[in-house]
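Predicted model, so just to flag it, every value in this text is computed and none were measured. Reminder, nothing fancy here: chain letters follow the sequence lines and each chain counts from 1.
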Protein chains: 2
Amino acid sequence: MSHDTDIARSAELADALGAIALDSETAKHEQVRNRLIEVIELLQSGDRLPPERELAARFGVSRMTLRQAISGLASAGYVVRVQGDGTFVADPTISKSSELTGFSEDMAARGFRPSSRLLAISHVSAGAALGQELVISPEEMVFHLERVRMADGIPMCLETIDLPARLTPGLDQQPLDQSLYEILRAVYGIELFEADQVILPTVVNQEQADLLRVPVHSPALIVKRIGYDKKRRPIERAMSIYRGDRYDIRMTVRRNPT
Amino acid sequence: MSHDTDIARSAELADALGAIALDSETAKHEQVRNRLIEVIELLQSGDRLPPERELAARFGVSRMTLRQAISGLASAGYVVRVQGDGTFVADPTISKSSELTGFSEDMAARGFRPSSRLLAISHVSAGAALGQELVISPEEMVFHLERVRMADGIPMCLETIDLPARLTPGLDQQPLDQSLYEILRAVYGIELFEADQVILPTVVNQEQADLLRVPVHSPALIVKRIGYDKKRRPIERAMSIYRGDRYDIRMTVRRNPT
DNA sequence: ACCGATCAGTGGTCCGTACCAATGCGGGAG
DNA sequence: CTCCCGCATTGGTACGGACCACTGATCGGT
């Protein structure tokens, strides 16, 4: 890295380390968290962050508030804290995964351009099994979507999604070649909060093979998901079949307590 | 539930809600956390916990300490907090998964009796690929284990593990039909802290099919794992092949921040 | 009977302080 | 030169207080 960019980086750093503005909209520890992420992105993995007491002074917050922000970053895998030594920028290994993400975000994070082809959309009654999973009456109407999801134009997975029609009136008028989660958020104000997932292996049948452009009986991953909002109301049931030759699931897991 | 057990439960509850003993060994918020787990297990899902201020008074700790304990339980999925309303015992759905567990713990949590059959153990030099993954010299010696893991006597997965021999001298003298993690902890004082995992699908070949007692070309899950201790020193590389007809991976994922 | 305003109670945020515990390093003893 | 002790630094724990934001229920008025 050249001397010039070092200077530029220092200037940015000084900027990022300035006192936070009084923004009554957002919680302070959240503002601090965001500022810290800016700082971290200007550093390299292994670099030591300034001491907590100094950071707190710079941002103009109490050490407790600062620690609340850092704790979040630590459990999200951004930094590692070592008592008696300091806080360090973490390796950007696999971490930060094992989060709830839609296909579009997932692919963007892996450096691919996501896209989508709508195979079918229908407006049908839920039926017994789906009704039970979404905690609605078997007679209640749902939207049923089938899509091929692509990364840089290459088919990556087949996606089947069911949502209660009551929550998303007119969904069939939306541009469903884009991120469904984004549509849910922007158009319907629905924000997914958590999801229960089940992962299991399979082999693709002839129809799936044609759509994914892989040989019949190729290994594939099935991911079944039921997504909930913050009040744990069921929002969607999704089943995705990922081709096994170009996709894997990566995560960092930790020991017992958080 | 009968009246008698109600009374018994109340007595237990009162007991669990008493002031905590002064145990300088463990951090207070950890003691509080454990006590809260006792309380939670006496309640049913959906029950409301006493207010934070009351709990803090009962345990004889500050509200901050109490909140620290509850925060851990919340992110671990034991309880759900609702501002303005209260803290409630969570549904024991899939949650609490997505943790780092060994096969033995995993199976015990699912209600099966875990066991193991040692296929082979050898003491060899790491080689290039493994050396890189464990961050050791390619010439350094490692123990190489192959085991069949069973649940209630039914073969569930084939496990291949490599560990630096330097960390576990005499490992080949240990009872390797038991939990490896338990041996690491009890005999060598090595505690795994986190692991990076990759999950992908496959089909079993003839040899694997025979060992797992499934048809050849059956779908299976491959889980590759590199385990680290708290200082992020690599401890083990493991590759497990799970039969797809009797095993799946379940987890609860949440949105962005923790 | 219905609807809306009010209010008490609950978790969420934030402050400032004090002390404990682990780490790394430097200085002094051997 | 080496080793060990002790000190300064850093994160970890804990306290107690104050106020904010949200929820659910209560109490009016219509």
Worksheet item: Given E182(B) and R185(B), is the salt bridge (Lys or Arg N to Asp or Glu O under 4.0 Å) satisfied, shown in steps?
Response: CA-CA 5 Å; E182(B) 182 56 25; R185(B) 195 189 59 75; 2.7 Å; yes
Worksheet item: Where does DNA chain D pair, written as one dot-bracket string 5' to 3', with Watson-Crick or G-U pairs under 3.5 Å, ( ) inside the strand, [ ] for crossing pairs and | for another strand?
Response: ||||||||||||||||||||||||||||||
Who pairs with [X] by side chain to side chain donor-acceptor pair (under 3.5 Å), at least two apart in sequence or on another chain?
X: S45(A); result: D91(A)
X: T168(A); result: none
X: T65(B); result: S62(B)

Discussion item. Any side-chain to backbone donor/acceptor pair from R48(A) onto D85(A)? Under 3.5 Å, distance only.
Written reply: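 It does hold such a pair.
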Fill in: Where protein sits on nucleotides 7-15 of chain D, one letter per nucleotide: B base, S sugar-phosphate only, - none, heavy atoms under 4.0 Å
--BBBBBBB
Please table the atom pairs, donor to acceptor, closer than 3.5 Å between any side-chain atom in residues 132-141 of chain B and protein atoms at least two apart or in another chain.
from, atom 1, to, atom 2, distance (Å)
E133(B), OE1, R237(B), NH1, 2.7
S137(B), OG, E139(B), N, 3.0
S137(B), OG, E139(B), OE1, 2.8
E140(B), OE2, R166(B), NE, 2.7
E140(B), OE2, R166(B), NH2, 3.0

Worksheet item: Nearest 0.5 Å, what's the CD1-CD1 distance between I161(B) and I235(B)?
Response: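 It comes to 12.5 Å.
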